[in-house]
Amino acid sequence: MARPELLDPVLGDLASRIRAALLAAGLPEAEADLERPRQPEHGDWATTAPLRLAKPAKRPPREIAQALIDHLDLPDAVESVEIAGPGFVNFRLAHRYHEALVHRVVAAGDDYGRRNREQGERETVNVEFVSANPTGPLHVGAGRWAATGDAIAALLEADGHEVVREYYVNDAGEQVRRFGESVVLTARGLPLGDDHYRGSYIPEVAEQLRAEHGDGLFEDIPDTEIQLGGGAEHAADGELVEDAAVTADPRVDPRIGARVGVLAVEAMRQRIQGQMHQLGVDFDVWFSERHLHDTGAIEAVIGQLKADGRTYEADGATYLRTEQFGDDKDRVIVRSDGRPTYFASDLAYMRDKWERVTADGRSGRLYYLLGADHHGYVGRLLAAAECLGLPRDRVEVRIGQLVNLLRGGEPVRMSKRTGEMIALDEVVDEVGPDVTRYHFLRQGLDTMVDFDLDVVAQQSMENPVYYVQYAHARINSLIRTADERGFDHGSLEDADLTRLTHPAELQLLTAMAQLPIVVDDAADLRATQRLARYAEELAGTFHRFYTECRVLVEGDDQLGQARYWLAVAAKQVLVNALALLRVTAPERM
RNA sequence: GCCCCCGUAGCUCAGUGGAUAGAGCACUGGCCUCCGGAGCCAGAAGCGAAGGUUCGAUUCCUUCCGGGGGUACCA
């Protein structure tokens, strides 16, 4: 639950006065909640304290409400108070509150809506998202995690926390060698096996590596000359070769497959980084799984878990006792042949992240954003956190439903096996980054999203992002026109904001006042759609204001100036909301 | 079998226990020679079903119905 009283000094003042009044009236202690009534006629803010107190105080709610009002020392910023319905107490803000808001917004500028936290209340949050395997380009679905993870990170930052945006690169394991084999076979012009990766990007990677390393890269070479992973002896590469005993394609020397795989994976990772950047998403950390192998972090965490008595041996394998922490069953971390599982990497990775976010005594938090296809991981990740001794409430795993890619209402088949797919960058090229991001951000994570290329490509109200951007472009046009006509807007200090009395003006002001609360709320719930819907609402109130209230009015400069500054402030709020969604605010469109 | 998500207007979706459940699309009808009509105003239309908790349930719990997804010593 958002706490408006913490974000707005006026509301904070009101809340404490309510608490004082309840106390003075001899009522039991209660939260002085403030919420916004649905109906505008019910005022700007309301408290439900009397309804909550009815039972403990054994008095009717309306009577309590009256007692509250009788003892309430009404602040200047509140114009009126009344009892309504079963026992709500409604407050209407005085006009000076709205006037002060314009000054607040303009003074705060880009910081309006952002919150400062004391050191003790600030968390360092590691937000891990996308983390798709670098064995192929990203598809549209990854765009959802990219847009959402990035916006949640931005919201947490605005809410006063420190954030690290992180991508976990699965650049170790058998899939790397298999990916390498696919590239080698393609480079040699040989047919691929059933287990190989396909798709037009494979020949592209083969060509790129050929250009960078020469043809010899794909040829089998004598044992004495082989070098793994750019010369260094990588444990991961050693494992790759060992794994190959069972699963390798006989046509490709596993050492060649592994070596090419490592290079191909890095090439793919760079393309993914480019895809992310194109969407406006730039990660702070690209964390290599290989790094965990190289540094012995995996063995270390296994050793620690064994020492802590979290494991047991069965059938020659090592199991982690995750079931006692809510997982469906205990999980293997070391296979019977001695190789660690991916889950073991996950454990080492989690420990590494936790050490980073809690370094220097900071208050850390781990946030995982996963697709519904990984929902089975939630239980084991949370159990893993407990096995590692991490506080459970500091590890958050959120699941988002998947994306359906459509064209003209028909599903676009995507199959990794046949390689038939439309990559994320192709989609973004077609419809643009703003539309792509916004389309994902305005819907909750629990809802499955249809991404219809034909619909999304339309520049109409099928895409509310244009509605919001248009409001911004309109304000700019307004300011431009005022300039061209030599309109004297004066200074904000001299503007007579008491002239802003039209209902459309008051609605706009009221909407503008909500941004800090919406940000807090959305950050708290990790719900980007809150912010997107708010931006639409704000744009709507501006459009109505624009239609009903002329700014460049003839013969009333004072009114024009007041409205001019209102528009300037509204633009700032719009810009700030769009910035958090990482959607551009165009001057013209 | 077990687990997760969803079911709100004709369609796509908001709505974290509060008062008369909101937008967009689609449909119908309007918008003064004037700052951008990608806009504004008006109309009609809805919480899958049944129980329970609560002063109060679209929201929390149970069951049922309907739709989507997940269930490895895979990666």
Side-chain angles (χ1 to χ4, degrees), chain A residues 1-2 33 35 37-39 41-42 46 48 51-52 54-55 60-61 84-88 90 133 135 170 172-176 178-179 314-319 328-329 331-337 339-343 345 371-379 399-402 404 442-450 452 455 458-471 473-482 484-485 487 504 521-522 524-525 527 529-530 532-534 536-537 539-540 542-554 560 563-564 567 588-589:
Chain A
M1 188 68 196
D33 68 307
E35 57 179 52
R38 264 196 247 265
Q39 307 298 321
E41 309 86 67
H42 293 147
T48 63
L51 291 166
R52 299 174 195 284
K55 195 163 207 178
F88 295 95
N90 297 335
N133 287 343
T135 51
N170 288 115
E174 186 182 326
Q175 57 166 350
V176 174
R178 195 175 293 158
F179 188 42
D315 310 323
T318 305
Y319 285 76
D328 297 336
K329 57 182 174 187
R331 304 288 172 176
V332 174
I333 55 173
V334 183
R335 299 177 177 97
S336 51
D337 60 10
R339 293 147 50 210
T341 61
Y342 264 70
F343 185 48
S345 308
D373 49 344
H374 288 82
H375 128 262
Y377 282 46
V378 179
I399 293 299
Q401 298 301 309
L402 303 178
N404 292 317
R442 79 185 296 269
Q443 236 166 95
L445 274 179
D446 288 340
T447 315
M448 193 176 280
V449 172
D450 285 338
D452 192 315
V455 173
Q458 290 171 31
Q459 293 201 7
S460 69
M461 269 310 283
E462 293 283 353
N463 289 316
V465 65
Y466 293 121
Y467 181 78
V468 179
Q469 289 182 317
Y470 180 60
R474 231 179 180 185
I475 298 178
N476 273 288
S477 167
L478 173 62
I479 292 171
R480 230 171 17 238
T481 307
E484 287 163 10
R485 296 189 186 174
F487 175 76
D521 222 7
D524 234 39
L525 297 166
Q529 77 274 16
R530 297 270 174 153
R533 304 282 172 162
Y534 167 74
E536 290 169 30
E537 190 188 316
F542 176 78
H543 284 311
R544 274 187 288 284
F545 159 73
Y546 185 88
T547 302
E548 296 188 33
C549 303
R550 292 195 59 77
V551 174
L552 307 179
V553 278
E554 306 277 323
R563 286 178 171 171
Y564 176 90
R588 291 185 160 85
M589 48 191 296

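Each chain gets a letter, A, B and so on, in the order its sequence line appears, and its residues count up from 1.
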Between A:Pro61 and A:Pro86, the two heavy atoms sitting closest are CB-O, 3.4 Å
Shortest non-hydrogen pair, A:Ser336 vs A:Ala317, comes out as N-CB, 3.9 Å
| A:Arg588 or A:Pro464, whichever maps to the more 5' nucleotide of RNA chain B |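 On the 5' side of the pair lies A:Pro464.
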Taking for A:Arg331 and for A:Ala482 the nucleotide of RNA chain B with the nearest heavy atom, the one nearer the 5' end belongs to A:Ala482
Touch check for [X], heavy atoms < 4.0 angstrom, all strands: base, sugar-phosphate only, or nothing?
{"X": "A:Thr341", "answer": "nothing"}
{"X": "A:Asn404", "answer": "nothing"}
{"X": "A:Arg530", "answer": "base"}
{"X": "A:Gly444", "answer": "sugar-phosphate"}
{"X": "A:Ile399", "answer": "nothing"}
{"X": "A:Ala46", "answer": "base"}
{"X": "A:Asp315", "answer": "base"}
{"X": "A:Ala372", "answer": "sugar-phosphate"}
{"X": "A:Tyr534", "answer": "nothing"}
{"X": "A:Thr447", "answer": "sugar-phosphate"}

Output row for RNA chain B, stems defined as at least 3 consecutive Watson-Crick or G-U pairs under 3.5 Å, is B:1-7 with B:65-71, B:10-13 with B:22-25, B:27-31 with B:39-43, B:48-52 with B:60-64
For the pair made of [atom1] in [X] and [atom2] in [N], what is the distance, rounded to whole Å?
{"X": "A:Glu41", "N": "B:U20", "atom1": "CD", "atom2": "C1'", "value": "9 Å"}
{"X": "A:Asp446", "N": "B:C4", "atom1": "CG", "atom2": "P", "value": "13 Å"}
{"X": "A:Glu536", "N": "B:A38", "atom1": "CD", "atom2": "P", "value": "18 Å"}
{"X": "A:Arg563", "N": "B:C34", "atom1": "CZ", "atom2": "C1'", "value": "14 Å"}
{"X": "A:Leu445", "N": "B:A14", "atom1": "CG", "atom2": "C1'", "value": "14 Å"}
{"X": "A:Lys329", "N": "B:G1", "atom1": "NZ", "atom2": "P", "value": "18 Å"}
{"X": "A:Tyr342", "N": "B:C74", "atom1": "OH", "atom2": "P", "value": "12 Å"}
{"X": "A:His42", "N": "B:U20", "atom1": "NE2", "atom2": "P", "value": "8 Å"}

Q. Does A:Asn463 use its side chain to pair, donor to acceptor, with the backbone of A:Val465 at less than 3.5 Å?
A. no
| query | Within the distance-only criterion (no hydrogens, no angle test), does the side chain of A:Asn90 pair as donor or acceptor with the backbone N or O of A:Ala46 below 3.5 angstrom? | reply | no
Non-hydrogen side-chain atoms of A:Gln175 and A:Asn170 separated by less than 4.5 Å:
yes
Can a side chain N or O of [X] be found less than 4.0 Å away from OP1 or OP2 on [N]?
{"X": "A:Gln529", "N": "B:G15", "value": "yes"}
{"X": "A:Gln469", "N": "B:G36", "value": "no"}
{"X": "A:Arg335", "N": "B:C74", "value": "yes"}

Notebook entry, point to check: A:Ala504: what forms a side-chain contact (heavy atoms from CB on, under 4.5 Å) with it, not counting sequence neighbours?
Noted result: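 In terms of side-chain contact (heavy atoms from CB on, under 4.5 Å), with neighbours along the sequence ignored, A:Ala504 is linked to A:His502, A:Phe545, A:Glu548, A:Cys549.
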Once you round to the nearest 0.5 Å, how far does [atom1] of [X] lie from [atom2] of [Y]?
{"X": "A:Met589", "Y": "A:Tyr466", "atom1": "CE", "atom2": "OH", "answer": "7.0 Å"}
{"X": "A:His374", "Y": "A:Leu402", "atom1": "NE2", "atom2": "CG", "answer": "10.0 Å"}
{"X": "A:Thr135", "Y": "A:Asn133", "atom1": "OG1", "atom2": "CG", "answer": "5.0 Å"}
{"X": "A:Gln529", "Y": "A:Thr447", "atom1": "CD", "atom2": "OG1", "answer": "7.5 Å"}
{"X": "A:Glu537", "Y": "A:Phe542", "atom1": "CD", "atom2": "CZ", "answer": "15.5 Å"}

request  = State whether the distance check finds a donor on one side and an acceptor on the other, under 3.5 Å, for side chain A:Arg533 versus base B:U12.
outcome  = no
Of the candidates B:G70, B:C55, B:G36, the side chain of A:Asp373 sits closest to B:G70
Between the base of B:G69 and the ring of A:His375 - centre-to-centre under 5.5 Å, planes within under 30° - is that a stack?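 No, the aromatic ring of A:His375 does not stack with the base.
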- Query: Under the ring-ring contact (aromatic ring centres under 6.0 Å, His included) criterion, do A:His543 and A:Tyr546 qualify, and how do the steps go?
  - Reply: CA-CA 5 Å; A:His543 284 311; A:Tyr546 185 88; 7.7 Å; no
The contact string for nucleotides 40-49 of chain B, one letter per nucleotide 5' to 3', using protein heavy atoms under 4.0 Å with B, S and - for base, sugar-phosphate only and none, comes out as SS--------
Distance, P atom - from B:U8 to B:G68, rounded to whole angstrom: 15 Å
Exercise for review: In whole angstrom, give me the gap between the P atoms of B:G22 and B:A44.
Suggested key: 13 Å
